[in-house]
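Working notes, beginning with the structure itself.
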Amino acid sequence: MDAARTPGIFVHQYAGLPNGPAFEHWRERAFGSCGLDIGPSHGDSIDCRLQVSVVDNIALAIPEGASAQYSRTQGGLADGSDDLVLIAAHAGLVCVAQNGHTVELAPAQMVLVDMGVAGTVGHTEEDRFTSIRMPRRALLDINPRAEDKLSQPLSDGALAETIFRYHALAANHAPHLDAVGQRLTAQHMVDLVGLLLGTDAEHASLARGRGHAAARLDLMRADVMAALGRNDLCLSEVATRSGLSPRQAQRLFEQAGTTFTEFVLEQRLLLARKLLGDPRARARKISDIAHSSGFSDLSYFNRAFRKRFGATPSELREA
């Protein structure tokens with residue numbers, strides 16, 4: 001089975017033996033354009049679900065399933081791609097082979113590999129990874145010596161955690177952004193990879209100020225959006241999750257032209273307005289909608305809502 005859920009997000013799914021017309025047709029549709037081949041990583045059958053999210057000039061992959069091994073063979077090298085790929089282990093032991101050399105990655109370890117060289121990586125239900133494919137030139141611009149780190153296990157606790165979380169956020173949401181938003185997201189991801197590889201001081205300062213800071217702010221915003229209904233949501237909790245002090249987190253919000261409190265209030269008011277305009281929520285009390293949007297004080301909710309939208313919640317609902 002092969003399907004695209006939304007523009008920019010593609011899902012390639014297959015379960016069965018690696019032969020026959022159905023398999024060949026699926027393999028060509030899923031991997032023919034990227035120079036990869038696929039076979040079992042465990043047993044005789046393939047069982048995989050591969051999500052690929054294209055964000056500007058990078059591709060973010062999330063492989064799942066009990067048996068799949070992805071190969072860059074000599075035949076696949078004919079496409080001429082020299083992209084670089086960061087493979088990040090999430091669970092188990094992920095084996096990455098390239099140019100006769102095998103690297104075993106424990107959880108939270110990563111390795112940079114070269115699409116211009118034959119190699120393999122596989123997963124099972126226990127051994128899981130994600131990957132980031134990016135143009136070689138884009139990574140070399142932020143880390144001119146990136147190629148020196150090819151096929152070496154990489155690990156950097158807090159930075160690796162940021163890459164994991166930003167990968168998940170970007171893979172599921174960035175394809176919905178406009179062209180400018182996608183370009184910025186892709187650049188931030190490459191900046192994070194450049195920092196992981198240990199770039200020089202000049203490039204590291206650029207990557208921290210541009211990519212790392214922006215990624216952390218995006219992740220904090222996403223944490224807020226996921227917890228809007230909690231009236232005990234606080235800056236220190238959100239900051240800690242991103243490895244920041246409350247003051248550092250507040251500074252990032254201020255650099256974006258707002259404060260943490262203002263951002264939370266704005267998102268809660270927007271959520272309440274959306275719920276008030278939803279025909280499916282017509283029977284819900286306004287106090288219930290206020291509570292669901294994170295407001296514990298109904299009077300404060302009414303005042304803030306009217307100040308923001310020029311009408312009370314009741315008036316907006318009737319309109």
Side-chain angles (χ1 to χ4, degrees), residues 1-5 8-54 58-136 150-154 164 167-168 171:
M1 180 178 177
D2 185 16
R5 295 186 301 177
I9 300 180
F10 304 91
V11 178
H12 308 298
Q13 200 165 329
Y14 181 82
L17 295 173
N19 53 55
F23 167 73
E24 295 297 340
H25 176 69
W26 171 80
R27 180 174 64 174
E28 179 60 29
R29 291 189 64 188
F31 302 103
S33 63
C34 59
L36 292 177
D37 202 355
I38 186 169
S41 63
H42 178 72
D44 299 324
S45 298
I46 293 172
D47 176 5
C48 80
R49 180 187 184 277
L50 177 65
Q51 175 182 314
V52 179
S53 300
V54 178
I58 68 173
L60 309 172
I62 305 176
E64 297 175 330
S67 177
Q69 180 166 280
Y70 310 94
S71 304
R72 180 78 167 162
T73 63
Q74 292 297 333
L77 301 180
D79 65 2
S81 173
D82 69 345
D83 287 353
L84 299 173
V85 180
L86 185 75
I87 297 173
H90 286 251
L93 193 65
V94 177
C95 294
V96 182
Q98 188 157 69
N99 205 23
H101 177 64
T102 299
V103 176
E104 294 183 337
L105 301 178
Q109 286 190 315
M110 306 179 184
V111 67
L112 187 70
V113 298
D114 189 340
M115 287 291 289
V117 178
T120 63
V121 58
H123 66 80
T124 65
E125 288 182 334
E126 293 78 26
D127 310 315
R128 294 184 290 107
F129 69 92
T130 58
S131 69
I132 307 165
R133 178 172 174 171
M134 67 208 88
R136 183 183 299 259
L150 285 166
S151 299
Q152 298 180 24
L154 305 166
F164 280 133
H167 182 289

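Since the structure is predicted, the reported quantities are computational estimates derived from the model, not experimental observations.
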**Study point:** Pairs involving residues 114-130, ordered by first then second residue, that meet salt bridge (charged side-chain N to carboxylate O under 4.0 Å, His left out) (sequence neighbours left out)
**Key:** D114-R136

Check your understanding: Looking at side-chain heavy atoms only, is the closest gap between C48 and P63 below 4.5 Å?
Key -> no

Check your understanding: Nearest heavy-atom pair of G122 and V94: which atoms, and what distance?
Key -> O-CG1, 4.2 Å

Check your understanding: What's the spacing between R133 CZ and L60 CG if we round to 0.5 Å?
Key -> 12.0 Å

Revision key, fill the gap. Separation between OG (S131) and CG (L112), nearest 0.5 Å, reads 11.5 Å

Practice item. Indicate the ring-plane relationship of W26 and F23, choosing parallel, tilted or perpendicular according to the 30° and 60° boundaries. Key: tilted

Revision key, fill the gap. Residues A171 and I9: closest non-hydrogen pair is O-CD1, 3.7 Å

Check your understanding: Do you know which two heavy atoms are closest between G39 and I46, and how far apart they sit?
Key -> C-CG1, 3.7 Å

**Study point:** Point-to-point distance, once rounded to the nearest 0.5 Å, from OG of S67 to OH of Y14
**Key:** 11.5 Å

Revision key, fill the gap. Taken to the nearest 0.5 Å, the spacing of L84 CG from L86 CG works out to 10.0 Å

Review point. Does a side-chain heavy-atom distance below 4.5 Å link H42 with D47?
Key: no

Revision key, fill the gap. When every non-hydrogen atom of C95 is compared with those of T102, the smallest separation belongs to CB-CG2, 4.5 Å

Point to revise | side chain to side chain contact (heavy atoms under 4.5 Å, CB included) against A108, all qualifying residues, sequence neighbours excluded | key: F164

Practice item. Fit a plane to each ring of Y70 and F129, take the angle between them on a 0 to 90° scale, and name the class: parallel (under 30°), tilted (30 to 60°) or perpendicular (over 60°). Key: perpendicular

**Study point:** Taking every non-hydrogen atom, the tightest pair across A59 and V52
**Key:** CB-CG1, 4.2 Å

Study note, to complete from the structure: Between S41 and H123 the two heavy atoms that sit nearest each other are OG-O, 2.7 Å

Exercise for review: Quick one: pull up CG in N99 and CG in L150 and give me the separation to the nearest 0.5 Å.
Suggested key: 10.0 Å

Point to revise | Listed once per pair and sorted, the salt bridge (charged side-chain N to carboxylate O under 4.0 Å, His left out) pairs that draw on residues 30-45, sequence neighbours left out | key: R27-D37

Point to revise | Heavy-atom check, side chain of R72 versus side chain of L36, under 4.5 Å | key: yes

Exercise for review: Kindly compute the distance separating CG (L154) from CE (M110), expressed to the nearest 0.5 Å.
Suggested key: 8.5 Å

Check your understanding: For L93, does its backbone N or O pair with a side-chain atom of E104 as donor and acceptor, under 3.5 Å?
Key -> no

